[in-house]
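Accompanying notes for the structure given below.
Because the structure is a prediction, the values reported are computed rather than measured. The chains referred to below are lettered A, B, ... by the order of the sequence lines, with proteins before strands, and numbering in each begins at 1.
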There are 2 protein chains.
Amino acid sequence: MHDHSVHVQCGDCPIRHRAVCARCDTDELQRLEQIKYYRSFQAGQTIIWSGDRMEFVGSVVSGIATLTQTMEDGRRQMVGLLLPSDFVGRPGRSTAAFDVTATTDLVMCCFRKKPFEELMATTPHVAQRLLEMTLDELDAAREWMLLLGRKTAREKIASLISIIARRDAALHLRRASGNLSVDLPLTREEMADYLGLTLETVSRQISALKKDGVISLEGNRHVQIPNLDRLLEEAGDDSDGGMLV
Amino acid sequence: MHDHSVHVQCGDCPIRHRAVCARCDTDELQRLEQIKYYRSFQAGQTIIWSGDRMEFVGSVVSGIATLTQTMEDGRRQMVGLLLPSDFVGRPGRSTAAFDVTATTDLVMCCFRKKPFEELMATTPHVAQRLLEMTLDELDAAREWMLLLGRKTAREKIASLISIIARRDAALHLRRASGNLSVDLPLTREEMADYLGLTLETVSRQISALKKDGVISLEGNRHVQIPNLDRLLEEAGDDSDGGMLV
DNA sequence: GGACCTCCTTGATGCAGATCAACCGATTGG
DNA sequence: CCAATCGGTTGATCTGCATCAAGGAGGTCC
């Protein structure tokens with residue numbers, strides 16, 4: 001059986017899409033090339049409002065986007081974090097269920113939704129690949145639910161840092177020998193929205209982890225991790241969460 | 001294009017599966033019939049432990065099952081609630097990511113995973129239907145994240161009751177005229193695990209909602225809802241959450 | 001240079017929900 | 001029949017995080 005998890009290099013995209021499956025020879029890539037286009041967004045720009053029609057699906061090429069949900073009185077919860085190579089979109093759905101916002105300058109590689117869906121309808125393994133990706137997201141969402149429902153503020157911060165570290169590692173970035181280091185792509189407020197905390201608590205807990213030697217800071221955004229196991233322990237994850245290295 | 005959202009009556013199952021798409025004539029149903037079987041579980045029995053191999057996928061026929069995640073020190077978070085007609089399983093995955101437990105006596109209609117996956121690989125619309133269902137679950141998980149991260153205990157309880165009421169309504173149950181009523185299929189402790197609270201807080205908030213006339217109780221498990229809008233307001237949901245009626 | 005951002009940190013105080021504990025009613029079982 | 005267990009309620013107290021508030025570091029604009 002063909003391995004659907006192989007990423008595909010998409011034309012001149014600087015990243016490998018995870019959306020589609022590389023069959024070594026097919027014309028599917030050609031068909032994808034025909035319906036693809038690029039879009040840029042400025043930092044802070046909302047890409048889609050909850051309830052809007054979604055005209056495209058696609059992958060993040062560079063930059064960061066967030067999925068957020070907001071209550072009437074302004075309470076906000078982040079429900080998705082999109083880093084480069086992440087897929088956005090809901091094939092088969094007409095409207096977005098959440099706000100999608102570019103938190104940095106952002107480039108996306110988009111496919112018009114209709115032809116993408118037609119492609120999907122005729123090529124089973126594309127639908128299967130998307131199913132796998134959606135199941136991955138669901139797993140991540142459920143980990144996130146444990147974090148939101150049961151973890152302490154300190155554990156939440158430690159979890160967030162290790163999640164980002166894991167993502168970075170998966171993309172083969174900054175494999176500095178020994179001393180792992182991570183750029184936090186979020187402001188304190190965005191971290192708070194991610195973790196179900198206030199920005200003050202985020203700041204305090206980061207300071208506390210620093211004081212206790214679990215992490216060290218270089219500027220506000222750059223984190224060094226002298227001992228990953230220690231960080232994972234602080235995160236309260238099961239030991240097998242350390243599939244990072 | 002064929003409507004994939006149509007449920008299918010599956011042989012002698014008392015419910016309609018949402019897992020598979022009814023094409024009016026095909027042999028897919030026959031192929032499903034060939035690989036299907038029933039399994040029963042006792043209340044309290046764990047169906048699958050996190051990390052176990054999963055040999056089947058299937059639908060809940062009767063009873064309630066939960067997906068839960070547990071930390072080393074015993075803190076527990078429910079991450080999924082499976083009511084009759086809900087689908088369980090992760091085609092393409094070999095191991096379960098969470099504990100699956102029958103909280104009541106339970107009957108499931110199962111399909112052996114391998115042949116089910118083969119069926120999926122050759123029939124694009126089955127994969128598409130599964131993708132849609134998984135996207136539904138993902139949406140639900142993200143609503144749940146807002147609940148866990150940002151809602152107060154009172155809002156959480158009100159949300160839970162309205163979610164169950166909505167589910168009941170979707171299955172065309174107990175459409176008592178005017179005065180809506182709901183059976184809570186969970187103990188206070190299970191509700192607490194669902195909502196990221198303690199069982200004491202759950203009990204207190206239910207009492208408070210009762211005292212304030214938002215709900216009334218008949219026994220411990222049976223809830224009457226005199227005014228659904230009021231309940232939805234208490235839940236802090238956007239007004240469009242009331243697609244119930 | 002100074003005014004004004006945005007992002008972040010730290011302190012003081014308050015409160016929602018956790019924790020600890022007692023008790024109730026309904027079952028179950030010897 | 002009484003002991004034991006399970007699910008639930010309610011009270012008293014404690015605490016982790018939110019809230020309110022002040023101020024600092026860096027960047028940009030005039």
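Checked against side-chain contact (heavy atoms from CB on, under 4.5 Å), A/Thr66 has the following partners two or more places apart in sequence or in another chain: A/Thr68, A/Met78, A/Leu81, A/Thr101, A/Thr103. Under the side-chain hydrogen bond (donor to acceptor under 3.5 Å, both in side chains) criterion, B/Gln69 pairs with A/Glu143, not counting sequence neighbours. The side-chain contact (heavy atoms from CB on, under 4.5 Å) test applied to A/Gln224 returns A/Asn179, A/Ser181, A/Ser216, A/Glu218, A/His222, not counting sequence neighbours. Partners of A/Arg93 by side-chain contact (heavy atoms from CB on, under 4.5 Å), not counting sequence neighbours, listed by chain and number: A/Arg90, B/Leu135, B/Asp136, B/Asp139. B/Thr152 is linked by a side-chain contact (heavy atoms from CB on, under 4.5 Å) to A/Arg75, B/Arg154, B/Glu155, counting only residues two or more places apart in sequence or in another chain. Remark: B/Lys151 engages B/Ser159, B/Asp237 in a side-chain hydrogen bond (donor to acceptor under 3.5 Å, both in side chains) (not counting sequence neighbours).
Counting only residues at least two apart or in different chains, salt bridge (charged side-chain N to carboxylate O under 4.0 Å, His left out) contacts with residues 42-71 of chain A comprise A/Arg53-A/Glu55.
Annotation: proximity of residues 144-161 of chain B to DNA chain C (heavy atom, distance under 4.0 Å) is found for B/Thr152, B/Ala153, numbered in ascending order. Within residues 196-207 of chain A, the residues that place at least one heavy atom under 4.0 Å from DNA chain D are, in residue-number order, A/Gly196, A/Leu197, A/Thr198, A/Glu200, A/Thr201, A/Arg204.
Running 5' to 3' along DNA chain D, contacts with non-hydrogen atoms of chain B at under 4.0 Å begin and end at D/dG8 to D/dA12.
Rounded to whole Å, the distance from CG on A/Leu186 to P on C/dT6 is 19 Å.
Counting heavy atoms from C-beta outward, B/Ile206 and B/Ile215 have side chains that approach closer than 4.5 Å.
Between B/Pro84 and B/Val61, the shortest heavy-atom contact is CB-O, 3.6 Å.
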Give the table of side-chain donor-acceptor pairs shorter than 3.5 Å for residues 191-200 of chain A, with sequence neighbours excluded, one pair per line with atom names and distance.
residue, atom, partner, partner atom, Å
A/Asp193, OD1, B/Arg150, NH2, 3.2
A/Thr198, OG1, A/Thr201, N, 3.4
A/Thr198, OG1, A/Thr201, OG1, 3.1

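Using a 4.0 Å cut-off, some side-chain N or O of A/Arg221 falls inside it from OP1 or OP2 of C/dC8.
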